[in-house]
Amino acid sequence: IGFALEVVQADIIARYQRLCGNEVFFNFGTDEHGIKIYRKAQEEGRDPQVYVDEYAAKFENLKQGLDLSYTAFIRTTDPKHKASAQEFWRRCVASGDIYKKNYQVKYCVGCELEKTDSELVHGKCPLHPTLSIELIDEENYFFQWSKYTEALLALYESTPDFIVPAYRANEIKSFVKGGLQDFSISRRKDKMPWGIPVPNDEDHVMYVWFDALVNYISTLGWPDDHQTFEEFWGTKEKPNAVQMAGKDNLRQQSAMWQAMLMSANLPRTKQIMIHGFITSGGQRMSKSTGNVIDPLAVVAEYSTDALRYYLARHVHPFEDSDFTSESFKEAYNANLANGLGNLTARILKLAETYLDSPVVPSVTVFPQEFSQALESYQFNVAMDYIWGKIQELDRRITVEKPFEIVKSDSERGKQIITELVTELSTVGRLLNPIMPTTSVLIKEAVAANRKPITMFPRKE
């Protein structure tokens with residue numbers, strides 16, 4: 001469900017930008033290399049490629065299950081991505097930022113990251129407490145991250161909204177100010193063969209994070225397709241790309257990747273949105289705890305738009321949020337079944353009964369308050385704006401009683417009903433990037449001047 005949150009948030013932004021008339025390249029996919037995946041495939045006695053093929057298919061199933069509108073599904077085992085990652089490596093070599101040395105380090109396989117003692121709790125990674133910290137002692141290639149300390153700090157200071165929310169920007173500033181250590185970007189092939197070969201050294205494969213981060217530009221055809229790359233990734237003068245990631249990816253997205261881009265002499269990311277975790281019953285979700293929630297199971301019981309509604313409105317965009325079956329059901333019944341669904345049925349039943357022809361609402365621009373909320377990734381604020389309109393429509397029906405007025409004053413009653421349908425159409429339009437199927441149902445029902453089927457059946 002945590003991954004579903006991230007990709008639904010990205011989908012909302014992509015749909016909203018398209019509705020605003022902008023061209024959007026929405027990239028989504030799977031990072032398929034690294035020790036964690038290699039060992040899992042070994043445990044199951046399977047070829048790593050077969051193993052990742054199966055999981056990639058499961059992730060692609062999310063497109064229908066979550067109604068995603070992505071442009072590309074990138075896999076880091078794709079031949080084009082491999083070629084792109086190798087070219088990226090060569091450019092960092094040309095900048096003098098890759099060298100080889102022997103090193104010893106504590107390593108969390110779950111994060112695929114090196115860990116300092118200060119980052120460990122009782123000798124374990126706090127994000128993966130069931131995994132043992134491993135000691136790596138070998139010769140690897142390194143990226144000269146320390147060289148980019150001042151450049152990264154200058155980026156953060158000159159671009160206050162580079163990382164959203166602001167307190168995450170403060171976190172990474174403090175981390176970088178504490179001093180960057182060059183990080184390993186390869187693994188010996190005889191110990192871990194599952195990775196992209198390092199150019200000109202058949203004994204090493206790329207470290208998973210160096211390879212995986214390049215997917216943001218390999219999906220655009222970099223380095224061969226200059227036109228697509230510049231249109232969507234942008235230029236140094238006008239960066240265009242937005243990245244969305246969980247708080248456990250802050251370091252990789254906003255510091256490692258940005259330094260790598262600087263090394264390869266490529267434009268930076270325009271903005272990075274960092275979201276929190278979804279917990280269940282106050283605990284971090286994990287398979288070992290047994291509290292993992294399958295988003296497609298929720299969809300099967302309630303519908304895609306019900307899940308998208310909950311993720312947008314009841315999960316905080318930046319903080320950790322709790323998700324339980326009970327809280328979901330309560331929100332569904334109160335705000336979808338009894339709220340939006342009931343309101344739509346009441347208004348369109350009045351229209352079907354008393355209006356001679358369908359209402360044709362004019363298309364208007366998104367209200368400023370709604371746009372500002374989405375453009376700052378405050379999905380909950382945007383949803384509260386919509387539900388404020390829904391509550392106002394409910395209140396108006398209760399106070400003005402058009403179902404009574406239309407019987408004694410036909411013209412006045414029809415006028416109120418027309419206004420209600422017009423406002424319902426506005427609600428449907430606002431829902432378009434967030435609950436696209438519901439938006440279409442409302443639009444079609446208004447055009448047909450008919451009460452729609454029950455959109456959100458109440459759950460007992």
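Any value given below was found using the heavy atoms of this structure, including those in side chains, with hydrogens, waters and symmetry copies removed.
Phe59 and Phe3 have their aromatic ring centers within a separation under 6.0 angstrom. Taking the six-membered ring for Trp, Phe318 and Tyr167 have ring centres at least 6.0 Å apart. Ring-centre distance between Tyr309 and Trp387: below the 6.0 Å cut-off. Between Tyr141 and Trp89, a ring centre-to-centre spacing shorter than 6.0 Å is recorded.
Side-chain atoms of Tyr377 and Gln271 include a donor-acceptor pair closer than 3.5 Å. Between the side chains of Tyr99 and Asp182, a donor-acceptor pair is found at a separation under 3.5 Å. Judged purely by distance below 3.5 Å, without hydrogens or angles, the side chains of Ser327 and Tyr310 pair a donor atom with an acceptor atom. Side-chain contact, Tyr216 with Gln253: a donor N or O sits under 3.5 Å from an acceptor N or O.
Taking the side chain as every heavy atom from C-beta outward, Leu135 and Lys106 approach each other to under 4.5 Å. Under the 4.5 Å side-chain criterion, counting only non-hydrogen atoms from C-beta, Trp194 is not in contact with Ile35. Arg75 has its side chain within reach of Val52: a pair of non-hydrogen atoms, C-beta onward, lies under 4.5 Å apart. In this structure, Val8 and Phe379 have side chains that are not in contact, with every pair of non-hydrogen atoms separated by 4.5 Å or more. Side-chain atoms of Tyr302 and Lys329, non-hydrogen and from C-beta on, do get closer than 4.5 Å to each other.
The CZ atom of Arg458 sits 10.0 Å away from atom OH of Tyr332, with the distance rounded to the nearest 0.5 Å.
Remark: Arg429 is positioned above the aromatic ring of Phe366, its terminal NZ or CZ atom under 6.0 angstrom from the ring centre and at most 45 degrees off the axis. Stacking of Lys58 on the aromatic ring of Tyr55 is recorded, both the 6.0 Å distance cut-off and the 45° axial limit being met.
Between the side chain of Ser303 and the backbone N or O of Ala306, at least one donor-acceptor pair lies under 3.5 Å. A donor-acceptor pair under 3.5 Å is formed between the side chain of Thr344 and the backbone N or O of Leu340. Within the 3.5 Å criterion, the main-chain N or O of Ser263 finds a donor-acceptor partner in the side chain of Ser95. Judged by distance alone, the side chain of Ser158 and the main-chain N or O of Leu155 form a donor-acceptor pair under 3.5 Å. The backbone N or O of Thr437 sits less than 3.5 Å from a side-chain atom of Asp305, completing a donor-acceptor pair.
Between Glu134 and Arg39 there is a salt bridge, since a side-chain N of the basic residue sits under 4.0 Å from a carboxylate O of the acidic one. Ion pairing between Asp203 and Arg188 fails under the 4.0 Å rule for side-chain N and carboxylate O. Look at Glu43 and Lys40 and you find a salt bridge, because one of the NZ, NE, NH1 or NH2 atoms lies within 4.0 Å of a carboxylate O, short of that distance. Taking the charged nitrogens against the carboxylate oxygens, Asp320 and Lys247 do have a contact shorter than 4.0 Å, which makes a salt bridge. With respect to the salt-bridge test (charged N to carboxylate O, under 4.0 angstrom), the residues Glu60 and Lys63 do not qualify.
Heavy-atom minimum distance, Ser254 versus Ile163: CB-CD1, 3.6 Å. Taking every heavy atom of both residues into account, Gly282 and Asp322 meet most closely at N-OD1, 2.7 Å.
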- [ ] Given ring pair (Phe, Tyr, Trp, His ring centres under 6.0 Å), test Trp145 with Phe210 step by step and report yes or no.
- [x] CA-CA 12 Å; Trp145 202 16; Phe210 190 94; over 10 Å; no

TODO: Report the C-alpha separation of Arg90 and Glu87 in whole Å, then their side-chain angles, then the decisive distance to 0.1 Å, and conclude whether the salt bridge (charged side-chain N to carboxylate O under 4.0 Å, His left out) test is met.
DONE: CA-CA 5 Å; Arg90 294 186 192 99; Glu87 175 58 22; 3.3 Å; yes

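The stretch residues 3-19 participates, sequence neighbours left out, in these side chain to side chain donor-acceptor pair (under 3.5 Å) pairs: Glu6-His275, Asp11-Arg15, Asp11-Ser69, Asp11-Arg308, Arg15-Asp67, Tyr16-Ser371, Tyr16-Glu375, Gln17-Asn22, Arg18-Ser69.
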